Amino acid sequence: MTRRVRAKLLRIRVAVEPAYDVCIGVGALERAARELRPTDVVLRDSGVPAGVAELHATTTIALAPGEEAKDWASLASVLAALADEARDRSTRLFVVGGGAALDLGGLAAALYLRGVDAVYCPTTLLAMVDASVGGKTAINLEQGKNLVGVIRQPSAVYADPRWIASLPEAEFRSGLGEALKSALIGGERFLAQLERDAARLVARDEAALVELVARCVELKARIVARDPHERGPRRALNLGHTFAHAIEHVAGYGALPHGIAVAAGLALALELAARSGVLADAALPARVRALASALSLPASLDELRAEFGHPLAPRELATAMRSDKKSVRAEPRFVLPVRAGKLELRVAAAPELVLAVCAPAAKQGRARRARARRARRMRSSPKTGS
Ligand code: GLY
């Protein structure tokens with residue numbers, strides 16, 4: 001993967017069919033504004049503050065902020081607004097917002113006139129490091145998150161780090177959670193770089209953020225180019241997500257930011273990998289816990305429980321995992337780390353192990369002590385029989 005630097009903007013190619021560039025850096029939004037044609041339409045998350053450069057289009061559609069926008073009603077109203085403008089297939093939909101706006105906007109663009117181009121201007125760290133690349137689009141159903149959608153790549157992405165300065169803290173940390181996942185998938189060099197940059201990132205240093213976004217986009221572009229439709233290697237990007245989606249489901253969607261749930265999901269995936277014999281690098285869980293803490297992310301499910309004041313009961317989590325999109329006949333499948341940069345992609349873990357890793361630490365301690373007592377009794381009881 002090569003980076004091209006032009007007027008301080010990085011360009012990373014996503015080599016899918018058709019290929020597109022992700023343009024990263026201060027000034028990316030002005031670059032997007034220069035690309036706007038009179039027939040283009042802007043879809044803007046109404047929760048995004050003004051401040052960074054604006055895209056002035058003939059038509060701007062306002063979208064409800066956050067996950068709220070990802071329903072049939074919003075999709076229908078965006079499609080109706082596009083139809084009202086009587087645009088033709090040369091119309092492009094410029095989407096300005098976080099992951100939810102890109103998911104909804106990408107789907108509307110894929111459906112309108114059987115597909116017009118979508119141009120993404122992600123405004124959150126989470127959307128820059130993950131949602132804006134790879135073409136996943138979706139709305140939610142009552143039955144679950146992201147159950148309706150298609151994979152359709154955008155025609156360009158403009159990631160301007162100036163948006164990040166004004167992100168609420170929880171939203172910012174959510175992006176760091178997805179970036180931690182990317183580092184674990186990317187391998188030793190990425191992980192070590194994240195360790196070196198953690199303090200600057202937490203302080204929202206612009207140069208460190210640009211480097212982080214570029215590394216995440218490079219990794220994702222490489223994976224998506226090999227497997228755009230998630231039939232194989234792209235599954236790696238779901239590391240920590242079987243747990244994270246269950247956590248979000250049990251807590252109630254929107255109750256806690258996705259990437260923060262992913263951070264706890266990574267800790268659980270590492271624990272499950274250790275207990276099921278998949279993990280080859282025994283030092284990795286402690287290293288990732290330390291890095292999560294340095295990035296002000298929860299380093300365990302208990303830390304997440306304490307921060308959000310939700311019990312996240314293991315049995316409820318296990319039930320939610322059974323209806324995960326990746327489950328096979330209601331048996332959840334997990335992406336588990338072997339070491340940094342190497343993963344097992346479809347592990348069917350024993351249900352009692354899944355329950356055990358989700359148990360609060362105090363309970364795990366009690367269970368461990370009970371097991372030890374049983375083992376001692378077995379050793380000391382007189383042997384009977386032949
Ligand atoms: N967010 C994971 C993916 O795009 O595949």
Side-chain angles (χ1 to χ4, degrees), residues 1 12-17 19-20 22 66-67 70 95 97-107 109-110 118 120 122 124-140 144-155 157 159 171 174-186 190 212-249 253 257-266 269 324-327 332-337 343-346:
M1 181 72 46
I12 295 168
R13 191 92 174 138
V14 186
V16 285
E17 189 52 53
Y20 58 98
V22 182
E67 281 296 305
K70 284 173 59 177
V95 189
L102 303 188
D103 277 358
L104 183 278
L107 184 56
Y120 291 162
T124 63
L125 180 60
L126 184 89
M128 291 182 203
V129 299
D130 187 46
S132 59
V133 181
K136 282 192 177 173
T137 71
I139 55 170
N140 302 327
K145 208 179 152 181
N146 295 338
L147 291 189
V148 175
V150 297
I151 291 188
R152 191 162 189 276
Q153 306 293 335
S155 60
V157 180
E171 185 56 64
S174 181
L176 292 177
E178 279 287 353
L180 177 57
K181 174 206 80 175
S182 300
L184 205 43
I185 298 170
F190 194 164
L212 180 69
V213 173
R215 276 187 183 262
C216 292
V217 169
E218 280 169 343
L219 174 83
K220 191 159 180 186
R222 234 181 359 252
I223 293 174
V224 167
R226 282 177 64 203
D227 177 22
H229 295 285
E230 201 174 300
R231 305 225 164 88
R234 185 167 178 171
R235 291 190 179 126
L237 296 170
N238 294 321
L239 176 61
H241 280 61
T242 305
F243 288 112
H245 286 151
I247 290 168
E248 290 178 272
H249 183 86
Y253 287 111
H258 172 69
I260 295 185
V262 168
L266 295 176
D324 187 85
K325 285 197 291 303
K326 300 172 292 299
S327 289
R333 291 288 185 270
F334 298 87
V335 179
L336 297 183
L343 308 164
E344 287 283 343
L345 296 184
R346 295 188 88 197

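All figures in this text were calculated on a predicted structure; none of them were measured in a lab. In each ligand, atom 1 is the first atom listed, and ligand 1 is the first ligand listed.
- Formation of a donor-acceptor pair under 3.5 Å by the Ser182 side chain with backbone atoms of Cys216 is not found in this model.
- Without hydrogens or angle criteria, Arg13 side chain to Ala221 main chain gives no donor-acceptor distance under 3.5 Å.
- With hydrogens and angles ignored, the 3.5 Å screen pairs a side-chain donor or acceptor of Ser132 with a backbone N or O of Ala127.
- A salt bridge does not link Asp103 with Lys136: every distance from a Lys NZ or Arg NE/NH1/NH2 to an Asp or Glu carboxylate oxygen is 4.0 Å or more.
- Between His258 and Glu67, the side chains place no donor N or O within less than 3.5 Å of an acceptor N or O (distance only, hydrogens not considered).
- Ligand 1 lies under 4.0 Å from heavy atoms of Asp130, Lys136, Lys220, Glu230, Arg234, Leu237.
- Using modelled atom types, one side-chain atom of Asn140 and one backbone atom of Asn146 make a donor-acceptor pair closer than 3.5 Å.
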